[in-house]
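Atom set for the values below is all heavy atoms of this structure, side chains included, hydrogens, waters and symmetry mates excluded.
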Amino acid sequence: MKTFTLGDLASQVGGEVLGDTTIKIHATAGLSQAGDGQISFLANRKYTPLVKSTQASAVIVKEKMASNAALLICQDPYYAFTRIAVLLHGYRRHPFSGVSTGASIAPSALIGQGSAIANHVNILENVRIGKNCTLYPGVFIGPESVVGDDCILYPNVVIYDQCQVGNRVIIQANSTVGEDGFGFATHKGIHHKIPHISRVIIEDDVELGAGCGIERGAMEDTIIGKGSKIGDAVVIGHGTKVGPHCLLVPQVGIAGSTTLGHHCVAAGQVGIGGHLHIGNGVMIGGQAGVTEDVPDGVTLWGTPAFEASQAKRSYFLIRRLPEIWKELKRLRERIAAIDGKTGK
Amino acid sequence: MKTFTLGDLASQVGGEVLGDTTIKIHATAGLSQAGDGQISFLANRKYTPLVKSTQASAVIVKEKMASNAALLICQDPYYAFTRIAVLLHGYRRHPFSGVSTGASIAPSALIGQGSAIANHVNILENVRIGKNCTLYPGVFIGPESVVGDDCILYPNVVIYDQCQVGNRVIIQANSTVGEDGFGFATHKGIHHKIPHISRVIIEDDVELGAGCGIERGAMEDTIIGKGSKIGDAVVIGHGTKVGPHCLLVPQVGIAGSTTLGHHCVAAGQVGIGGHLHIGNGVMIGGQAGVTEDVPDGVTLWGTPAFEASQAKRSYFLIRRLPEIWKELKRLRERIAAIDGKTGK
Amino acid sequence: MKTFTLGDLASQVGGEVLGDTTIKIHATAGLSQAGDGQISFLANRKYTPLVKSTQASAVIVKEKMASNAALLICQDPYYAFTRIAVLLHGYRRHPFSGVSTGASIAPSALIGQGSAIANHVNILENVRIGKNCTLYPGVFIGPESVVGDDCILYPNVVIYDQCQVGNRVIIQANSTVGEDGFGFATHKGIHHKIPHISRVIIEDDVELGAGCGIERGAMEDTIIGKGSKIGDAVVIGHGTKVGPHCLLVPQVGIAGSTTLGHHCVAAGQVGIGGHLHIGNGVMIGGQAGVTEDVPDGVTLWGTPAFEASQAKRSYFLIRRLPEIWKELKRLRERIAAIDGKTGK
């Protein structure tokens with residue numbers, strides 16, 4: 001367990017301390033659980049009252065507020081907190097080193113220096129694994145696939161043949177990369193399987209959650225752009241290109257041959273149709289269904305999705321529909337009555 | 001194959017027989033497939049006509065009705081049926097015993113008496129497994145994790161480090177417990193991974209379906225409460241606390257830092273947002289999207305979800321929208337006509 | 001790499017060449033990526049302008065159009081393209097042969113001639129595997145299950161006990177077949193697990209995507225009909241019967257005891273309730289939620305789903321709700337004004 005003074009942490013993350021800079025901090029914790037020696041943060045306004053009542057020794061905030069804790073004032077408290085969590089706790093240390101005798105590695109495969117290959121891993125012909133990777137038990141890497149440096153593949157991750165995984169890629173357990181896409185040509189009622197001869201390319205610094213499926217392309221590569229982060233149980237269709245620095249929250253599904261720009265965000269359970277072009281910086285609200293091309297910078301919601309602030313107003317009015325229905329009836333009757341009075 | 005008389009079964013489950021108590025029953029079956037020596041049940045009113053026509057030897061029902069079969073009258077036919085199915089068939093017998101020499105178990109791990117550890121299982125440092133567990137092939141248990149007594153982990157279940165699994169927990173194949181949550185601090189367009197130093201705690205008598213993902217917390221534990229049952233492909237976000245005795249049907253997704261009370265039910269494909277408080281006994285209809293806190297005992301539906309009986313009325317009226325639109329136009333014209341007549 | 005002349009390909013797939021029949025073709029490619037020696041196709045009208053500008057040597061089209069490429073005119077370009085892709089590229093060649101010494105096979109199991117059983121596969125008591133199958137590493141086949149001829153089970157596929165898999169079945173990685181269904185009898189607030197004693201039957205020529213869950217039945221078998229193709233992360237409930245030649249796109253969920261006819265199509269993220277009867281040739285649009293029985297040949301959309309062309313009109317009008325609301329208010333005021341004028 002590492003310990004820092006609050007002053008040390010402030011200088012590391014570039015913040016200002018309001019309170020005792022010599023307080024010793026050894027852990028991060030949530031506002032309502034934190035105690036002595038722990039540092040918390042405020043990023044979601046909903047939790048502002050907890051800053052006052054917290055038992056944390058310090059709280060990272062954006063501006064001065066009432067608290068018994070010392071305050072560490074930073075422009076971006078969530079980011080500062082993340083950096084401090086890394087300083088205090090670091091990331092998971094992996095319980096493997098070297099190449100296990102229980103792994104099965106094709107003679108033609110190349111394993112980079114410092115990589116740990118655990119028990120029950122299967123690495124097939126002509127695979128290349130970079131330096132300092134960790135492959136957990138049950139990982140499968142198909143023939144000709146390439147994994148870069150500093151990657152972490154958790155248990156039972158499956159990467160099919162001829163795929164490319166960049167550097168510093170993390171794939172959580174039980175995810176699949178490069179399975180055949182859902183592509184069938186239906187002829188006289190029979191669905192004929194289309195050979196999927198293209199690849200999946202996962203660029204640097206991507207993270208995939210658990211239980212994902214990234215389909216390989218039939219004719220065009222499927223690409224997950226640099227720095228994009230994908231949650232659990234997300235499915236990406238064949239030939240789809242997710243741009244760099246996107247966030248796809250758990251259970252999102254994107255059909256095939258669609259293109260997303262950079263810095264797009266799709267919230268939980270969003271569905272995006274096939275053959276669409278989604279611009280840069282597009283934000284899509286939870287469970288929305290996108291059925292049309294979307295220009296840069298738009299925020300969407302609903303199924304079918306449209307501009308979010310309008311969609312919120314519109315969808316909210318669904319609950320007034322019984323009232324609308326009743327009022328229409330009343331107006332019809334009023335008009336009939338007036339018609340009667342005015343001799344129609 | 002065990003055989004009971006109908007009278008025996010009735011006394012075991014506390015029901016009353018209408019018909020021959022000496023009939024021999026050896027199996028359960030559905031109303032339309034059941035034949036001689038088989039017992040069926042009626043729980044869903046939709047199937048009432050089948051009670052009359054069934055070829056089953058006996059049917060479990062709530063009240064007297066016409067049937068060629070003997071009737072076993074019980075207050076809760078579905079529960080009585082379940083108990084009888086357990087008596088007649090029991091649960092799956094597991095094809096493993098003892099610790100396989102093909103399993104890989106860290107020297108520091110403790111395995112309880114009577115537990116079966118199959119081939120290709122990996123159990124890491126300082127893991128504790130309780131008594132009478134069955135771990136199928138391909139199961140991975142990360143360092144410091146604890147599994148209670150009488151648990152069943154089906155093939156390729158992955159439990160990350162430092163997680164806690166209670167007693168009598170069942171996890172179906174290819175599910176993941178304790179992967180890092182979807183938590184990134186975005187700073188200048190780059191998504192920085194937040195260390196996830198908290199755990200997943202799965203309490204006693206929980207069942208998880210196949211292909212689930214239960215994210216570990218960043219700062220607070222993710223908890224699945226005692227007796228809760230979770231279907232296939234469900235994703236639970238980091239720090240979320242599912243109360244005891246909840247039912248989460250397949251493909252439900254719950255974002256992070258949300259709290260569910262006890263005895264909540266979320267039907268298929270429901271999405272629940274993050275940082276919400278869902279009360280006790282809340283029922284959420286299929287595909288609903290919950291975006292606000294929900295008090296105890298409410299039934300919800302729709303996206304965004306609101307009280308279900310209102311939501312059903314409102315959503316039903318969506319299909320009248322073309323009619324509403326037309327009628328509005330008609331009324332507008334009528335009023336314009338009246339205005340014209342009355343000199344406006 | 002195989003090479004054919006365009007004339008050869010035309011005679012193989014039964015099309016007519018407009019242009020040079022002696023052109024040599026060695027690969028398929030998309031219209032915008034294709035180059036010399038490559039053949040592309042036009043199936044989606046959206047891409048028609050690309051036929052003119054493509055650098056492909058040949059394009060498969062339905063009718064004559066302007067292009068620098070030679071044209072191969074076929075009635076069903078997508079199907080012709082599929083057949084040509086098979087001729088040129090074939091399907092994946094599997095990197096295994098024979099039975100690996102690293103596989104674990106029960107003495108009572110039977111493995112058909114020509115089947116490849118890879119490392120770390122577990123095949124339990126009384127399993128029968130047909131001829132010319134490929135079982136990738138990490139596959140688990142539970143006791144008494146049967147797999148037909150020419151099947152491909154990708155890494156970490158789990159088939160529970162007593163299931164039946166037909167011939168030429170393909171199951172992508174990390175999918176689960178035969179896990180216990182989501183069936184619990186709730187009695188006094190406790191959810192009691194129902195024994196699931198029925199099977200999953202997967203008929204001939206079915207393909208399942210990655211990360212699927214096909215629940216076994218409690219009392220009735222779950223059936224996936226001949227020739228049906230199922231995408232990634234699809235969940236099929238216990239006792240549900242999917243008819244032959246259906247297409248279930250990724251992330252579809254079908255609850256238990258539901259029946260689908262033949263040639264149904266459910267698009268991405270569709271949910272279908274339990275105990276429903278869906279006819280033949282039913283088409284269900286993306287994210288729709290089906291809550292009622294559906295007769296043959298209907299196309300549906302929306303949640304709750306209804307006839308699609310009506311649903312599209314209705315759902316489109318949701319975005320006019322603010323306008324409808326405003327207009328209603330205006331009419332109410334107009335009528336009040338008229339009432340005032342006409343002495344009410």
Side-chain angles (χ1 to χ4, degrees), chain B residues 28-30 33 40 44 46 76 78-79 81-83 85-86 89-92 95 102 118-120 136-138 154-156 170 172-174 207 209-211 227 229 231-233 245 247 249-251 263 268-269 286-287 303 315-316 318-322 324-325 328 331-332 335 338-339 342, chain C residues 104 120 122 124-125 138 140 142-143 156 158 160-161 174-176 179-180 182 184-185 187 189-195 197 211-213 215 218-220 233 235 237 251 253 255 269 271 273 275 289 291 302-304 306 310-311 313-315 317-318 320 324 327-328 331 334-335 338 341-342:
Chain B
T28 55
Q33 292 80 39
S40 196
N44 184 332
K46 191 170 176 175
D76 186 344
Y78 197 42
Y79 176 57
F81 164 78
T82 300
R83 290 182 62 197
V86 174
H89 303 289
Y91 295 107
R92 182 177 291 111
N119 207 10
H120 306 134
Y136 275 71
Y154 283 101
N156 302 336
I170 298 172
Q172 303 290 341
N174 285 316
E207 178 163 344
K229 310 296 184 183
D232 291 359
H245 308 297
L247 294 174
V249 171
Q251 297 180 321
H263 291 96
Q269 300 183 332
Q287 292 189 327
T303 299
Y315 274 80
F316 181 78
I318 290 175
R319 60 182 84 184
R320 311 298 276 270
L321 271 171
I324 288 171
W325 185 254
L328 256 187
L331 292 185
R332 193 167 49 224
I335 287 174
I338 292 168
D339 276 345
T342 59
Chain C
S104 171
H120 306 133
N122 285 272
L124 278 82
E125 294 291 342
F140 172 92
N156 302 336
V158 174
Y160 279 58
D161 47 301
N174 285 316
S175 270
T176 305
E179 73 276 17
D180 295 335
F182 192 76
F184 301 92
H187 184 73
I190 304 295
H191 309 301
H192 297 268
K193 182 177 177 70
I194 296 169
I197 60 171
C212 290
E215 298 181 1
M219 286 181 311
E220 287 190 43
V235 177
Q251 298 181 319
Q269 302 184 330
H275 299 277
T291 57
T303 300
F306 58 103
Q310 290 174 42
R313 255 210 97 207
S314 294
Y315 274 81
L317 283 170
I318 289 175
R320 310 299 275 271
I324 288 171
E327 177 74 356
L328 256 188
L331 292 184
R334 286 297 314 132
I335 288 175
I338 292 168
K341 227 177 265 171
T342 59

With no hydrogens and no angle check, is any side-chain donor or acceptor of [X] less than 3.5 Å from a backbone partner on [Y]?
X	Y	answer
B:His263	C:Gly189	yes
C:Asn122	B:Pro137	no
C:His191	B:Gly227	no

Report which part of [X] has an atom under 4.5 Å of a heavy atom belonging to chain C: side chain, backbone, both, or neither.
X	answer
B:Ala85	both
B:Arg83	neither
B:Pro250	side chain

- [ ] Measure across C:Leu331 and B:Arg332 and return the closest heavy-atom pair with its distance rounded to 0.1 Å.
- [x]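 The answer is CD2-CA, 3.9 Å.
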Task: C:Ala185 to B:Thr82 - nearest heavy-atom pair and separation - done: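 The pair with the smallest heavy-atom distance is CB-OG1, 3.2 Å.
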Which one, [options], leads in non-hydrogen pairs under 4.5 Å with chain B?
options	value
C:His275, C:Gln251, C:Gln310	C:His275
C:Gln269, C:His192, C:Arg313	C:His192
C:Gly142, C:Gly271, C:Ala218, C:Gly237	C:Gly271
C:Asp161, C:Ile190, C:Ile335	C:Asp161

Tell me which of these, [options], has more heavy-atom pairs under 4.5 Å with chain C than the rest.
options	value
B:His89, B:His245, B:Arg319	B:Arg319
B:Phe316, B:Phe81, B:Tyr91	B:Tyr91
B:Ser40, B:Ala173, B:Gly30, B:Gly102	B:Ala173

Open item on the list: Does any part of the side chain of C:Tyr315, heavy atoms only, come nearer than 4.5 Å to the side chain of B:Ile318, both counted from C-beta?
Closed with: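 The answer is yes; the side chains approach within 4.5 Å.
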Task: Heavy-atom check, side chain of C:Ile324 versus side chain of B:Leu321, under 4.5 Å - done: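 Side chain of C:Ile324 against side chain of B:Leu321, heavy atoms only: contact under 4.5 Å found.
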Contacting moiety of [X], where chain B heavy atoms sit under 4.5 Å:
X	result
C:Glu125	neither
C:Ala233	backbone
C:Leu124	side chain
C:Ile197	side chain
C:Ser175	backbone
C:Asp180	both
C:Pro143	side chain

Open item on the list: As an exercise, state the distance from CD1 of B:Ile170 to NZ of C:Lys193, rounded to the nearest 0.5 Å.
Closed with: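 Result: 4.5 Å between the selected atoms.
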Task: Candidate list B:Gln172, B:Glu207, B:Lys229, test side-chain contact (heavy atoms from CB on, under 4.5 Å), partner C:Phe182, passing option - done: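 Answer to the side-chain contact (heavy atoms from CB on, under 4.5 Å) test with C:Phe182 among B:Gln172, B:Glu207, B:Lys229: B:Lys229.
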Task: Validation row, ring centre B:Tyr154 to ring centre C:Phe140 under 6.0 Å - done: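 Ring centres of C:Phe140 and B:Tyr154 not closer than 6.0 Å.
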